[in-house]
Amino acid sequence: MKICILPGDGIGPEITAEAVRVLEALDLKFEMEEALLGGAAVDATGDPYPEATRKLAREADAVLLGAVGGPKWDTLPREQRPERGLLGIRKDLGLFANLRPAILYPELANASSLKPEVVAGLDILIVRELTGDIYFGQPRGIEVRDGERFGFNTMHYTESEIRRIGRVAFEAARKRNKRLCSVDKMNVLETTQLWRDVMIELAPEYPDVELSHMLVDNAAMQLVRAPKQFDVMVTGNMFGDILSDEASMLTGSIGMLPSASLDANNKGLYEPSHGSAPDIAGQGIANPLATILSVAMMLRYTFNQESAALRIENAVKKVLAQGLRTGDIFEPGTTKVGTKQMGDAVLAAL
Ligand code: IPM
Ligand code: MG
C-alpha cells in the first residue's frame, strides 16, 4: 500500500503533515513518499507536474494532496501555473470521477449563511466528471482573427465518457438515499443533450435509483433555495466545478470538506475541497480537518478499510463535540486551536 504525498503550496504542507500523522497512527503499514506539485514544483524544477512526481504518482496506489496555487505564480505562462499541475495529474492518472461531499456538521450549523432549518442535516454528494468537457477540449486558445483578439474553447463529451461517470453516480446513489439528479444545459448545449440522453439510457440498469434531471441554472438556484432536496448530483467538469463550490459553502465550512478523484480501478487522489489559502500560509492556523477527512475517503475508496475510515470520521466528530475549532470555524464559546493542536486532538480521539 503505497501513498504518494504531495503537500503543494500555501497551507498545503501544514495540513498534509497532520493528515500524515493520522495515517501513521493507524498502523496499517503504508509506505509513504513525498513529491512536488504546483508552485513548489515550478520553483524547484520549472514544471508544475515534474517527471519525478509523475513517476511516483503512477506507481502509488493513492495520492494525498494538500493544495496548489498562489499569487506568486499567477503571472507565469499558463503551462507553468500550479493549476496546470493539478489538471495534469488528474488527466495523467485518468481520475475521471470526482466525489465532493457537502455535509453539515450539527456543531457547525451556525457557520452556514443560510437559515439553520434550510441546511440542518444537509448531506449532498456531488459527482463531477473530471477529465473531459471544456476543461480539456481542443481546439482552444487566444488568437488574432479579423484584426481582433479571439478567445475560444471547445466543449465535448463522448457517450462512453458520460456513461462511465454516470455509472459511478448511480452506484454512489445506490449506497445512499437512492436519488440521483443529473445536471445539464440541454436547452442550449448539444453536448449536454447527449449527456441527458445517456443518463436516461443508463437508468433501467439501476431501477432502485430514482433519476431526475435539472438545468444547471435552476440547480444553482435550488442549491440555495432548498438544498436538502438533493442526494447525489452528477454533472460535467465545468458545471461541477461551480456547483461543488456552491454546495460546499452551504455548509459554511469549506475547511471541513474532503474530496476524492478516482480512476476506473479506485486508485485515487484525495484532497481537501478548499484551496491553498496563501493569506494564512505558514502561520499554523489552517484547518487540517478536510485533509484528515480526505484520508478517511482514501481508506474507504482505495484501500477498502471502511472501519478505519469510520474511526477517523468519528475522531473528527469527537473533537468538534469537545468544542475545538480552528479560526475558520471558530465561534464564541468554543476553544480556538491551531493546525497542530487540532491534529493532536484528532490523534488523541483516535
Ligand atoms: C477545483 C479547482 C480546480 C478546477 C482549479 C484549481 C484548476 O477549482 O478543483 O475545483 O477548476 O478544477
Ligand atoms: Mg473549483
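We number each residue from 1, following the sequence as shown. Whatever order the structure lists them in is the order used to number ligands and atoms, beginning at 1.
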Extract all N/O-N/O pairs under 3.5 Å that connect ligand 1 to the protein, and present each with both atom names and the distance rounded to 0.1 Å.
| residue | atom | partner | partner atom | Å |
| --- | --- | --- | --- | --- |
| ligand 1 | 8 (O) | D241 | OD1 | 3.2 |
| ligand 1 | 9 (O) | R90 | NH2 | 2.7 |
| ligand 1 | 9 (O) | R100 | NH2 | 2.7 |
| ligand 1 | 10 (O) | R100 | NH1 | 3.0 |
| ligand 1 | 10 (O) | R100 | NH2 | 3.1 |
| ligand 1 | 10 (O) | R128 | NH1 | 3.1 |
| ligand 1 | 10 (O) | D241 | OD1 | 2.9 |
| ligand 1 | 11 (O) | Y135 | OH | 2.5 |
| ligand 1 | 11 (O) | D241 | OD1 | 3.4 |
| ligand 1 | 12 (O) | R90 | NH1 | 2.8 |
| ligand 1 | 12 (O) | R128 | NH1 | 3.4 |
| ligand 1 | 12 (O) | R128 | NH2 | 2.8 |

- Message: Quick check against the 3.5 Å criterion: does S112 have a side-chain atom that pairs as donor or acceptor with the backbone of L114?
- Response: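 Checking the backbone N and O of L114 against the side chain of S112, a donor-acceptor pair under 3.5 Å is found.
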- Message: Walk me through whether R176 and D231 qualify under salt bridge (Lys or Arg N to Asp or Glu O under 4.0 Å).
- Response: CA-CA 8 Å; R176 295 172 42 106; D231 177 21; 3.0 Å; yes
I'd like to know if [X] pairs up with [Y] as an ion pair, taking the criterion as any Lys NZ or Arg NE/NH1/NH2 lying under 4.0 Å from an Asp or Glu carboxylate oxygen.
| X | Y | answer |
| --- | --- | --- |
| E205 | R167 | yes |
| R164 | E159 | no |
| K2 | E31 | yes |
| E59 | K55 | yes |

- The atom name of the N, O or S atom in D241 nearest to the Mg ion (ligand 2) is OD1
